[in-house]
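Side chains included, hydrogens not; waters and symmetry mates left out as well; all remaining heavy atoms used.
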Amino acid sequence: MARWGIAIHGGAGVDPNLPEHRQEEAKRVLARCLQVGVDLLRSGAAALDVVEAVVRELETDPCFNSGRGSALTRAGTVEMEASIMDGRGRRCGAVSGVSTVRNPVSLARRVMDKSPHSYLAFDGAEDFAREQGLEVVDNSYFITEENVGMLKLAKEANTILFDYRIPLAGADTCSALAAASENRNNNGMVMNGLPISIYAPETVGCAVVDSNGFTAAATSTGGLMNKMTGRIGDSPLIGAGTYACGHCAVSCTGEGEAIIRSTLARDVAAVMEYKGLPLQEAVDFCVKERLDEGFAGLIAVSGTGEVAYGFNCTGMFRGCATEDGFMEVGIWE
């Protein structure tokens with residue numbers, strides 16, 4: 001029997017000024033969702049079932065940017081995306097542009113298990129969800145009052161928001177946001193050649209190896225606050241935001257465009273396979289060498305029960321546990 005292991009994340013690139021009570025709230029949610037996975041693994045559950053269950057929990061809580069609490073598009077709507085991958089045979093499913101499905105990760109799994117395809121988007125994904133009898137809700141279910149306020153600030157500052165969970169602080173908030181935007185743009189921070197000020201990578205994800213040595217990974221997100229409608233990031237892209245094989249399972253978070261360019265999740269598996277690196281060294285190599293000027297983080301598990309994470313930005317919401325009793329939830333280094 002192999003050793004089981006689990007890692008979860010709630011996004012990389014945490015604002016260093018995030019209030020203490022928000023940090024504690026995030027850690028409580030992470031600890032609760034991590035325990036869901038641990039309990040399932042202790043009961044002998046399969047890796048694929050565990051990653052789906054854990055990400056469903058994360059999607060249901062508005063603390064992070066997935067499912068309920070997702071970031072809003074420029075039009076004030078929610079367009080969610082998710083993917084899931086089974087290390088056995090590298091089966092996968094993904095969805096984008098989902099606006100009424102309560103748990104996009106479960107729709108991604110249905111795409112994998114019940115369709116002839118690997119990826120469905122927008123109306124096609126919504127229609128398939130209804131055919132499969134998945135729970136659907138009005139788009140307003142996913143929209144929180146706080147996110148409506150932060151979208152307003154993002155529009156007024158003409159920016160994409162980095163951490164939209166910072167509490168609104170009155171009239172000075174917008175001017176501070178605009179000043180931060182101008183400062184970052186003056187410093188030359190760009191995405192695909194275009195200046196940006198503040199980025200929003202609070203994606204959620206889970207990577208698991210079960211007691212049979214099988215791996216799986218899943219990732220889910222609402223994307224960027226004030227993003228263009230129709231924008232698709234790394235989270236539903238197999239090999240970029242999500243990957244699982246015999247060597248490892250990986251879920252990424254951060255600057256989606258950089259993760260896509262670097263095929264970050266697949267690269268962790270590739271350097272393990274072709275360079276013979278152990279899990280943590282593979283993670284460190286990919287975060288350091290493959291992101292160019294991008295910012296991101298990732299969680300990973302190996303087929304032998306190791307857990308690892310890495311990031312090159314300020315903090316990453318994460319948690320991990322192993323069969324030998326190790327358990328950790330953290331944000332900073």
Side-chain angles (χ1 to χ4, degrees), residues 1-9 33-34 36-56 58 82-94 105-106 108-109 111-113 118 203-220 234-253 259 263-286 297-310 318-324 326-327:
M1 296 288 285
R3 293 188 310 161
W4 59 255
I6 179 173
I8 66 174
H9 71 75
C33 294
L34 182 62
V36 168
V38 168
D39 290 343
L40 286 169
L41 286 164
R42 285 174 175 165
S43 71
L48 194 62
D49 294 331
V50 176
V51 295
E52 181 185 5
V54 170
V55 172
R56 282 177 61 94
L58 289 163
S83 62
I84 191 167
M85 189 166 188
D86 185 351
R88 294 176 295 177
R90 289 181 285 191
R91 300 184 310 127
C92 58
V105 70
S106 291
R109 181 163 183 185
V111 171
M112 178 181 71
D113 287 341
S118 294
T203 300
V204 305
C206 182
V208 165
V209 57
D210 62 29
S211 56
N212 291 313
F214 298 133
T215 66
T219 311
S220 180
D234 68 287
S235 296
L237 301 184
I238 300 303
T242 303
Y243 194 74
C245 63
H247 291 279
C248 63
V250 183
S251 175
C252 300
T253 173
I259 294 170
T263 58
L264 188 61
R266 166 58 185 157
D267 263 23
V268 174
V271 297
M272 291 182 72
E273 183 175 356
Y274 301 129
K275 290 176 68 72
L277 295 184
L279 182 69
Q280 187 64 63
E281 288 185 29
V283 168
D284 293 341
F285 175 85
C286 291
L298 63 88
I299 55 168
V301 300
S302 74
T304 55
E306 301 160 298
V307 295
Y309 65 86
R318 82 273 179 181
C320 53
T322 58
E323 187 172 1
D324 61 10
F326 173 77
M327 184 176 290

With sequence neighbours excluded, what pairs up with [X] under the side chain to side chain contact (heavy atoms under 4.5 Å, CB included) test?
X      : result
Cys286 : Leu264, Asp267, Val268, Val271, Arg290
Ala300 : Val250, Leu279, Val283, Leu298
Thr304 : Ser302, Glu306

Which atom pairs, one a donor and one an acceptor, fall under 3.5 Å between side chains of residues 211-219 and the rest of the protein, sequence neighbours left out?
{"residue": "Thr215", "atom": "OG1", "partner": "Cys245", "partner atom": "O", "Å": "2.6"}
{"residue": "Thr219", "atom": "OG1", "partner": "Gly241", "partner atom": "O", "Å": "3.4"}
{"residue": "Thr219", "atom": "OG1", "partner": "Thr242", "partner atom": "OG1", "Å": "2.6"}
{"residue": "Thr219", "atom": "OG1", "partner": "Ser251", "partner atom": "OG", "Å": "2.7"}

Minimum-distance pair of heavy atoms, taken over all atoms of [X] and [Y]:
X      : Y      : value
Tyr243 : Arg266 : OH-NH1, 3.4 Å
Val105 : Glu52  : CG1-O, 3.9 Å
Leu58  : Cys33  : CD2-SG, 3.7 Å
Cys206 : Val55  : CB-CG2, 3.9 Å
Val209 : Gly305 : CG1-CA, 3.7 Å
Met272 : His247 : CE-O, 3.7 Å

Could I get the full list of salt bridge (charged side-chain N to carboxylate O under 4.0 Å, His left out) partners for Arg3, not counting sequence neighbours?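 Arg3: salt bridge (charged side-chain N to carboxylate O under 4.0 Å, His left out) contacts with Asp324.
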Hey, are the side chains of Ile6 and Leu34 touching, using non-hydrogen atoms and a 4.5 Å cut-off?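 The answer is yes, as the side chains (C-beta and beyond) meet within the 4.5 Å cut-off.
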Within a strict 4.5 Å, meaning less than it, do heavy atoms of the Trp4 and Val38 side chains meet?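 In short, these two side chains touch, coming nearer than 4.5 Å.
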Review item, side-chain donor-acceptor pairs of residues 42-50, under 3.5 Å, at least two apart:
{"residue": "Ser43", "atom": "OG", "partner": "Leu40", "partner atom": "O", "Å": "2.6"}
{"residue": "Asp49", "atom": "OD1", "partner": "Arg109", "partner atom": "NH1", "Å": "2.6"}
{"residue": "Asp49", "atom": "OD1", "partner": "Arg109", "partner atom": "NH2", "Å": "3.2"}

Could I get the full list of side chain to side chain donor-acceptor pair (under 3.5 Å) partners for Arg56, not counting sequence neighbours?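 Arg56 satisfies side chain to side chain donor-acceptor pair (under 3.5 Å) with Asn103, Ser106 once adjacent residues are dropped.
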Check side chain to side chain donor-acceptor pair (under 3.5 Å) between Gln280 and all other residues, then give those that pass, not counting sequence neighbours.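 Scan of Gln280 (side chain to side chain donor-acceptor pair (under 3.5 Å), adjacent residues dropped) gives Asp284.
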Distance from His9 atom NE2 to Thr253 atom OG1, nearest 0.5 Å?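 Going from the NE2 atom of His9 to the OG1 atom of Thr253 covers 5.0 Å.
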Spatial distance of atom CD1 (Ile299) from atom SG (Cys248) [nearest 0.5 Å]: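 Rounded to the nearest 0.5 Å, the CD1-SG separation comes to 11.5 Å.
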Is there a donor-acceptor pair under 3.5 Å between the side chain of Ser235 and the backbone N or O of Ala82?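 No: the side chain of Ser235 does not pair with the backbone of Ala82.
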Enumerate the residue pairs fulfilling salt bridge (charged side-chain N to carboxylate O under 4.0 Å, His left out) with a member in residues 204-215, sequence neighbours excluded, ordered by first and then second residue.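 Passing the test, one end in residues 204-215: no pairs.
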Step-by-step side-chain contact (heavy atoms from CB on, under 4.5 Å) determination, Ile238 to Ser118: CA-CA 9 Å; Ile238 300 303; Ser118 294; over 6 Å; no
